[in-house]
Structure formats: structure tokens, C-alpha cells
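One structure is given below, encoded as C-alpha cells.
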Amino acid sequence: MLQIQTIRENAQFVIDKLKVKNVDATENISKILALDAEIRALKTSLDNNLMEQNRLSKEIGILFKSGKAADAAPLKDKIAELKISEKEDQTALDQKEQEIIDILVLLPNLPHDSVPVGFGANDNEIIHKEGDDSNMDETAVPHWDLVKKFDIIDFELGTKITGAGFPVYKGKGAKLQRALINFFLDSASAENYTEVQPPYMVNKDSAYATGQLPDKDGQMYHATVDDFYLIPTAEVPVTNIYRDVILKESDFPIKNCAYSACFRREAGSYGKDVRGLNRLHQFDKVEIVQIQHPYRSYQTLEEMRNYVMGLLRKLELPFRVLRLCGGDMSFTSALTYDMEVYSKAQQKWLEVSSVSNFEAFQANRMKLRFKDEETGKTKLAHTLNGSALALPRIMAALIENNQTDKGIVIPQVLRKYTGFDIID
RNA sequence: GGAGAGAUGGCCGAGUGGUCGAAGGCGCACGCCUGGAAAGUGUGUAAACGCCGAAAGCGUUUCAAGGGUUCGAAUCCCUUUCUCUCCGCCA
């Protein structure tokens, strides 16, 4: 959520920035400014009213103590009068505050200066490319056929047990996935990320704090009996560790990593992109989360990007890095890099990681702050996160790119985790 | 799931209707003391919001959350959430 103070002080700047995300906020911003002025006037009037009531109550207390209780009656009448206008102010205030929040919550985060203008995936800026992204010959087999041939992932079985998008990993397929998870977690630990195992279900407050609610309500599985949501990413529970927390500057940077299963309804996506492992309802991911001082968050974003690039390099996968354009960025993000690996058999780039700086947007919703040593004031911290990495598409690319006559060759870096060097 | 007890500041803990944002202790910060440190000692030690911005100052709110009684609630009543103990169930 944008800070009301930012809007109050830089309304035009906010409007201009939101245009980069293709949002015309002119009307909403002027509504917000009007409501904000009304709210402050009401607050002042209400505060003065309450102050008067408190003063009179104290007087009554003194009268009671000194045995002059009878003299209190006129004061009581006065308070009764004040209470009528208090109630009016309070009702109006509650209503206006709800109104302003209802609008604020719909405004996305402001994009960073470096974010290119654009409407969709085609407008993203390719800022880096690495590895051999030539295509394989015509005999190359897509992963959904390979996994069947080697009996390592069974989509039909998952459909029987649950439904489409819930595959069953078997034998060396299950082991390869576990190897990747361990490789990712060990790598993060080596970079001083503290490993956590979060809950896979969260309450409404948590889903709201990281921005899944109210914007992406329909994308999460909802366990209605207890009103819990299945997490779409570990970002949600891990970032919420720091909800309503005031940090010290010396706590920065906070670095957490977490493996979790992720659950996404993916309502509205059908067709070619959902084939095989490309888009699932349940998948595994290792997530890295950092909380940083506002001055250093962009430096941290670059570190995180470099870290993820390093993982892809070790896995010997061709990849590219995109700087997302305004139209393709998420609601909460100020700057996002996507990493895509090239699947030589599908002849397609597959998104395997998204690294973002949310600046103070999530922190504002979840009241994640720190004490500024210079001023002694509490200020909002910056939150960042990234996938490091999402498993299914990595699996798909490894299986496809490493197919040989003899089987699927396991990259060197994973062999100590898998215990085998080929799937055949 | 049933029965009971509880939830107070960074932590421990007092407070059962009035001047209580809250005693005391610990911790922390700064100072004194010391050659230096410990001990001792003094002072300070929450957040949000409003009063045109900043500072100062003033005010409002906050003792799990929400509602109620009262001129006045940490304190009384109701609801919810959570924690602990016992019983039941159980990986």
C-alpha cells in the first residue's frame, strides 16, 4: 500500500509513475486527497471533543472525592452533549477512513525509474543472456514425453488422486527434485540466508500483508472452514514473520530462505502454456527473502539477482534476464527481474525466477519498520524476495536439455545430491 | 472436542473503578566513579495519529482484539482469538 504521506506531498508524481504501470489514478488520487483533508479535520475536532470530556471527567472525580457529588450533575450534562457530537464525528471518521483504504488498497506500487514503459511480455527489456541457446535437432523430445518414457513423473496419476496440475514424482524424478531443493537450500545457507520452514497455510492478515488479498483473492486455495489460505509462495509466511515488527538498524540485512510447496489455482489459464510441468497447481520452490534499509535495497536487489544467476550457471542452463516493463510487473513490485531458462526441445524460454524489490509497499501494509538511528524515528523497511528457484520448469529444462541417447544426464553440481549421474 | 486458569511496556512483574502510559526489577542508552573493566551511582528509556512542514510544545488513542456498563475502565460485563493445566483423540 502506498503511504498516504507520499500521495499528500507528491500527488502529481504518483499519478505520473502509475502511468508507467498503465494505471490512470488521477481520479482516485484526487478522491484520496479530499478524503485525507476531511479525515484530518474530523480528527482534530474529535480530539478536541475528547480532551474536553477528559477534563470534565477529572473535575467530576475531584468533586466526588471532596464530597460534593451533587455539583457534578451539570458537568455530566455537558459530557452527554459532547458525546453526541463525538459519535457523529466518530461515525464520519470511520466511514471516511474505510473509504480511503478501499481506494489505497487498489493502487499498485510505484515503479522504479529504470522500469521500461510497456504493456506486456513483449515489452520487457532483455538485459542479459548467457549460455548456448541453440535449438536441438528434430528428434528432441519434450519433457512430458521423456518423463513418461523414464517413468519419473506421472501426470495421469496425479489427476486420479487430485486433479490436473498435481503431478506425482516417482523414483529418480522424486530424487532429482529433492536434490535440487537441497542444492538450493545449501547454496542459500552458504550466502548467509537463514533457513526457515514456514506454515503452508496462512490467515487473512498474512495474505493481506504481502498483497495477495484483496487483489488476488481468486488465485489462492481457500480452506473455508478455518478461513486459511494455502500459500502461493513461501514469500507470504516468511515475510509475515516480520509483520508488526520494529527492527534495529543493526538487524539489517535480514536474510531468510525457505523451501515450500506452493499452491496456485491459476484460474483463467488454459491451453498450450499449461502442458507438462509448465504450469501447475502445486509445485515446489525455494524462496529467498530479504529485509533491508531503504538506502541499500537496490544494491541488495542486484545481489539477489546475481545470486540467482549463479545458480543457473551452476546448473549449466542457458538463461536470460529480463527487466519487466510497467505493464508486466506485479501489483506490489517497484522493480522486478525475471530469469528465464531456455528449453531447447520446447524451443521456449521458461520463467524460473522473479526477483523483486517491493520497497515500502508491503512494509506499509504489514507495519514492518525500523528505528532510524539518525533521527530516532521509525520508518518503513524495504522488503525483497526472489525465487531461488522454482522447481518444475528447472526440472523441465534439465530433462529436455540434457537428453541423450543414453538417458538424461545429471549436471555435475547435483550428482552428490542425487547419488546418480543419469536417468535411464 | 470437554473442564478450568490466564493474556499488562523489549523481558519479568505489580496494579480490582478516578490524577495510570501504567509501581518495582531486568535489559538497553548516556553520564559519574575507575588506570581500564566489573560493581556502585545518576538520568533517560513505546508506538500511531492530529495540531500548516521541521524542531519544541500541546492533544488524542493504545494494558490480546472487538463490543458494552459508567461522568470516568488495565480494573466490571459480553463475544472472539491465543496461551497454559487436566481429560479425550492422535502422527
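The sequence lines fix the lettering, A, B, ..., with proteins before strands; numbering per chain opens at 1.
At a threshold of 4.0 angstrom between heavy atoms, the contacts of A/Leu50 are confined to the sugar-phosphate backbone, with no base atom among them. Within the nucleic acid shown, A/Lys43 comes within 4.0 Å of sugar-phosphate atoms alone, with no base atom in reach, counting heavy atoms only. Among the atoms of the strands shown, none is found under 4.0 Å from any heavy atom of A/Leu56. Within the 4.0 angstrom heavy-atom criterion, no nucleotide atom of any strand lies near A/Lys248. Within 4.0 Å (heavy atoms only), A/Lys83 reaches sugar-phosphate atoms of the nucleic acid but no base atom.
In this structure, B/G40 forms a base pair with B/C32, meeting either the Watson-Crick or the G-U wobble geometry with both donor-acceptor distances under 3.5 Å. Base pairing analysis places B/U69 opposite nothing; no Watson-Crick or G-U wobble pair with both distances below 3.5 Å involves it. Pairing for B/G21 is absent, judged as Watson-Crick or G-U wobble with the two contacts each under 3.5 Å. Nucleotide B/U83 forms a pair with B/A5, judged by Watson-Crick or G-U wobble geometry with both contacts under 3.5 Å. Within the shown strands, B/A48 is the pairing partner of B/U60 under the Watson-Crick or G-U definition, both distances less than 3.5 Å. Searching all strands for a Watson-Crick or G-U wobble partner of B/G53 with both distances below 3.5 Å returns nothing. B/C26 and B/G10 make up a base pair, with Watson-Crick or G-U wobble contacts both under 3.5 Å.
Taking side-chain N and O atoms only, A/Arg369 has a distance below 4.0 Å to OP1 or OP2 of B/A48. Taking 4.0 angstrom as the limit, A/Asn54 places a side-chain polar atom (N or O) nearer than this to OP1 or OP2 of B/U60. For B/G50, the OP1/OP2 oxygens have a side-chain nitrogen or oxygen of A/Arg8 closer than 4.0 Å.
Between the CG atom of A/Leu42 and the P atom of B/U61 there is a distance of 16 Å, rounded to whole Å. If you measure from atom NZ of A/Lys377 to atom C1' of B/A56, you get 11 Å, rounded to the nearest angstrom. Rounded to whole angstrom, the span from the CG atom of A/Leu82 across to the P atom of B/G59 amounts to 17 Å. For the pair A/Ile60 CD1 and B/G18 P, the computed distance is 15 Å after rounding to whole Å. Atom P of nucleotide B/C58 and atom CG of A/Asn49 are separated by 21 Å, given to the nearest angstrom. Atom P of nucleotide B/C58 and atom CD of A/Glu52 are separated by 18 Å, given to the nearest angstrom. Between the C1' atom of B/U19 and the CG atom of A/Leu63 lies a distance of 14 Å, rounded to the nearest Å. Between A/Glu86 atom CD and B/U61 atom P there is a gap of 9 Å when expressed in whole angstrom units.
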Audit row: A/Asn124, A/Asp338, side-chain contact (heavy atoms from CB on, under 4.5 Å) steps and yes/no: CA-CA 9 Å; A/Asn124 294 332; A/Asp338 271 8; 5.6 Å; no
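A side chain to side chain contact (heavy atoms under 4.5 Å, CB included) with A/Ser356 is found for one member of A/Asn109, A/Thr383, A/Thr336 and no other, namely A/Thr336.
Between A/Lys19 and A/Asp24, no side-chain nitrogen of the basic residue sits less than 4.0 Å from a carboxylate oxygen of the acidic one, so the salt-bridge criterion is not met.
Closest approach to the A/Thr378 side chain among B/U19, B/A48, B/C51 is made by B/A48 (side chain taken as heavy atoms from C-beta onward). When distances run from any side-chain atom of A/Met51 to the nucleotides B/C71, B/U60, B/C51, the shortest one goes to B/U60.
B/U41 and B/G24 have their P atoms separated by 15 Å, with the value rounded to a whole Å. Rounded to the nearest Å, the gap between the P atom of B/U80 and that of B/G10 is 28 Å. B/G4 sits 27 Å from B/C12 when the P atoms are compared, rounded to a whole Å. The C1' atoms of B/C90 and B/A5 are separated by 25 Å, rounded to the nearest whole Å. Comparing B/C76 with B/G59, their P atoms are spaced 29 Å from each other, to the whole Å. A distance of about 12 Å separates the C1' atoms of B/A14 and B/C20, rounded to the whole Å. Spacing between B/A65 and B/U8 at atom P, rounded to whole Å, works out to 11 Å. Taking atom C1' in both B/C28 and B/G18, one finds a spacing of 34 Å when rounded to whole Å.
Taking the six-membered ring where tryptophan is involved, the planes of A/Phe370 and A/His293 are tilted, since the angle between them lies from 30° to 60°. Taking the six-membered ring for Trp and thresholds of 30 and 60 degrees, A/His281 and A/Tyr221 have ring planes more than 60 degrees apart, a perpendicular arrangement.
A cation-pi arrangement, defined by a distance under 6.0 Å to the six-membered ring centre and an angle within 45 degrees of its axis, is present between A/Arg365 and A/Tyr208. Remark: A/Lys172 qualifies as a cation-pi partner of A/Phe420 under the 6.0 Å distance and 45° angle criteria applied to the six-membered ring.
If you find the closest nucleotide of RNA chain B to A/Lys76 and to A/Gly61, the one lying nearer the 5' end belongs to A/Gly61. Nucleotides of RNA chain B nearest to A/Glu9 and A/Lys367 differ in position, and the one nearer the 5' end is that of A/Lys367.
Rounded to the nearest 0.5 angstrom, A/Ile29 CD1 and A/Ile103 CD1 are separated by 9.0 Å.
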